[in-house]
2 protein chains.
Amino acid sequence: MEINGDEQLDRLLGPCHSPGCGVDRTLKVLDGKWATLIVRELLSGPKRFGELRSALGTPSAKTLTDRLRSLEHQQILTRTVYAEVPPRVVYALTEQGRSLSGILYAMLIWGEEHPLPED
Amino acid sequence: MEINGDEQLDRLLGPCHSPGCGVDRTLKVLDGKWATLIVRELLSGPKRFGELRSALGTPSAKTLTDRLRSLEHQQILTRTVYAEVPPRVVYALTEQGRSLSGILYAMLIWGEEHPLPED
DNA sequence: CCGTATCCCGGAGGATACTG
DNA sequence: CAGTATCCTCCGGGATACGG
């Protein structure tokens with residue numbers, strides 16, 4: 001984060017304001033209540049449906065399925081079904097998915113350095 | 001972004017999983033459809049209500065007011081009213097608000113490097 | 001175990017009209 | 001100009017029950 005200068009700011013303020021551009025594109029992927037958390041969870045390696053569910057605080061199966069499908073379509077993660085009994089389904093980040101770690105890391109740092117103001 | 005190593009990953013995978021922690025804290029601030037875009041807009045300097053509204057693509061006044069109030073309460077931005085006729089209200093990022101630029105920048109880079117897969 | 005199928009709810013967000 | 005006040009819509013997300 002500390003390479004930070006103002007070239008960063010310049011890029012941020014640059015042209016390409018409004019839809020279709022960098023930030024907006026990212027927001028489409030990291031959208032909703034769960035996407036970012038799912039990616040963080042998978043950064044530690046592939047996980048099964050049930051593992052993910054409990055690690056995230058048990059969202060409903062429908063919700064988790066929906067979000068996983070969305071991320072799969074956006075090629076952020078892959079879904080692998082092992083034809084066994086009982087079935088086993090494993091989710092893993094793609095290269096693109098893993099490349100989101102820089103954003104997650106920036107979020108982590110900011111969050112740690114800016115605790116909630118006391119009310 | 002390129003200091004990136006795996007110390008980053010280690011931090012991300014570290015303890016403090018689940019609520020209350022870094023990433024989660026940030027997600028509470030950069031929540032919903034507008035917060036991130038408002039911050040980006042204000043990185044180029046203080047702006048009036050109307051300026052913000054049109055720059056963002058004209059969300060409803062209610063929506064924009066709600067989001068601005070929320071960010072104000074979280075001390076991401078300040079609201080200054082100039083008692084003139086017609087009234088002038090200026091929104092500006094606080095130090096905390098400006099410190100979000102690292103995250104925005106990471107989003108910008110990722111978005112530019114990962115265009116939508118063609119369908 | 002890993003879903004899908006339904007039904008349901010809250011709240012973010014929009015539309016419109018009106019005010020200091 | 002910069003909001004409030006109302007009303008309304010949409011959909012992310014939860015609960016529950018069932019299926020391969």
Side-chain angles (χ1 to χ4, degrees), chain A residues 18-19 23-42 45-74 76-93, chain B residues 18-19 23-42 45-74 76-93:
Chain A
S18 293
V23 175
D24 312 74
R25 161 81 176 111
T26 303
L27 288 175
K28 262 171 215 143
V29 173
L30 263 26
D31 189 37
K33 187 175 174 180
W34 296 107
T36 307
L37 300 175
I38 290 171
V39 171
R40 178 181 61 177
E41 216 46 53
L42 291 179
K47 285 195 170 49
R48 304 179 54 169
F49 185 84
E51 286 181 291
L52 264 178
R53 198 153 114 85
S54 52
L56 292 170
T58 321
S60 70
K62 171 186 170 300
T63 298
L64 184 54
T65 302
D66 287 351
R67 299 296 96 210
L68 287 170
R69 290 289 189 279
S70 167
L71 291 170
E72 185 188 2
H73 287 137
Q74 296 182 81
I76 300 304
L77 54 79
T78 58
R79 175 173 182 269
T80 310
V81 182
Y82 293 88
E84 310 169 349
V85 181
R88 185 163 56 100
V89 180
V90 174
Y91 295 89
L93 292 179
Chain B
S18 294
V23 175
D24 313 74
R25 161 83 176 109
T26 303
L27 288 175
K28 262 170 215 144
V29 173
L30 264 25
D31 190 36
K33 187 177 175 179
W34 297 106
T36 307
L37 299 175
I38 290 171
V39 171
R40 179 182 62 178
E41 217 44 54
L42 290 178
K47 284 196 171 51
R48 303 177 56 167
F49 185 84
E51 287 181 291
L52 262 177
R53 199 154 114 85
S54 53
L56 293 170
T58 320
S60 71
K62 174 187 169 297
T63 297
L64 184 54
T65 303
D66 288 351
R67 297 297 94 211
L68 287 170
R69 291 287 190 279
S70 168
L71 290 170
E72 186 189 2
H73 286 138
Q74 296 181 85
I76 299 304
L77 54 79
T78 59
R79 175 175 182 269
T80 309
V81 182
Y82 294 88
E84 309 169 349
V85 180
R88 187 163 54 99
V89 179
V90 174
Y91 295 88
L93 291 180

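Here is how names work: the chains are called A, B, and so on, in the same order as the sequence lines, proteins then strands, and each is numbered from 1.
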Quiz prompt | Residue mapping more 5' on DNA chain C - nearest nucleotide basis, D66(B) or T65(A) | solution = T65(A)
Quiz item: Under a criterion of less than 4.0 angstrom to any heavy atom of chain A, what are the 5'-terminal and 3'-terminal contacting nucleotides of DNA chain D?
Solution: dG13(D) to dG20(D)
Exercise. Determine, stepwise, if the pair L37(A) / L27(B) fulfils side-chain contact (heavy atoms from CB on, under 4.5 Å).
Key: CA-CA 9 Å; L37(A) 300 175; L27(B) 288 175; 3.8 Å; yes
Quiz item: About how many Å separate CZ of R53(B) and CD of E41(B), when rounded to the nearest 0.5 Å?
Solution: 14.0 Å
Quiz item: Can you tell me how far the OG1 atom of T65(B) sits from the CZ atom of R79(B), to the nearest 0.5 Å?
Solution: 8.0 Å
Practice problem: Taking salt bridge (Lys or Arg N to Asp or Glu O under 4.0 Å) as the test, write out the residues that go with R88(B), two or more places apart. | Solution: E84(B)
Practice problem: Could you tell me which residues satisfy salt bridge (Lys or Arg N to Asp or Glu O under 4.0 Å) with K62(B), sequence neighbours excluded, listed by chain and number? | Solution: D66(B)
Base, sugar-phosphate, or nothing: which does [X] touch, judged by heavy atoms less than 4.0 Å apart?
X: Y91(B); result: sugar-phosphate
X: R53(B); result: nothing
X: R79(B); result: sugar-phosphate

Quiz item: In chain order, what residues pass the side-chain contact (heavy atoms from CB on, under 4.5 Å) check against P46(B), with sequence neighbours excluded?
Solution: V90(B), A92(B)
Quiz item: If you take all heavy atoms of A35(B) and V29(B), which pair is closest and at what distance?
Solution: CB-O, 3.5 Å
Side chain to side chain, [X] and [Y], heavy atoms closer than 4.5 Å:
X: L52(A); Y: L68(A); result: yes
X: I38(B); Y: L77(B); result: yes
X: L56(A); Y: K33(A); result: no

Practice problem: Work out how much the helix from dC1(C)-dG20(D) to dG20(C)-dC1(D) bends between its end axes, five pairs an end, to the nearest 10 degrees. | Solution: 50°
Quiz item: Which nucleotides of nucleotides 14-20 of chain C have their base under 4.0 Å from a protein heavy atom (B), which only their sugar-phosphate (S), and which neither (-), written as one string 5' to 3'?
Solution: BB----B
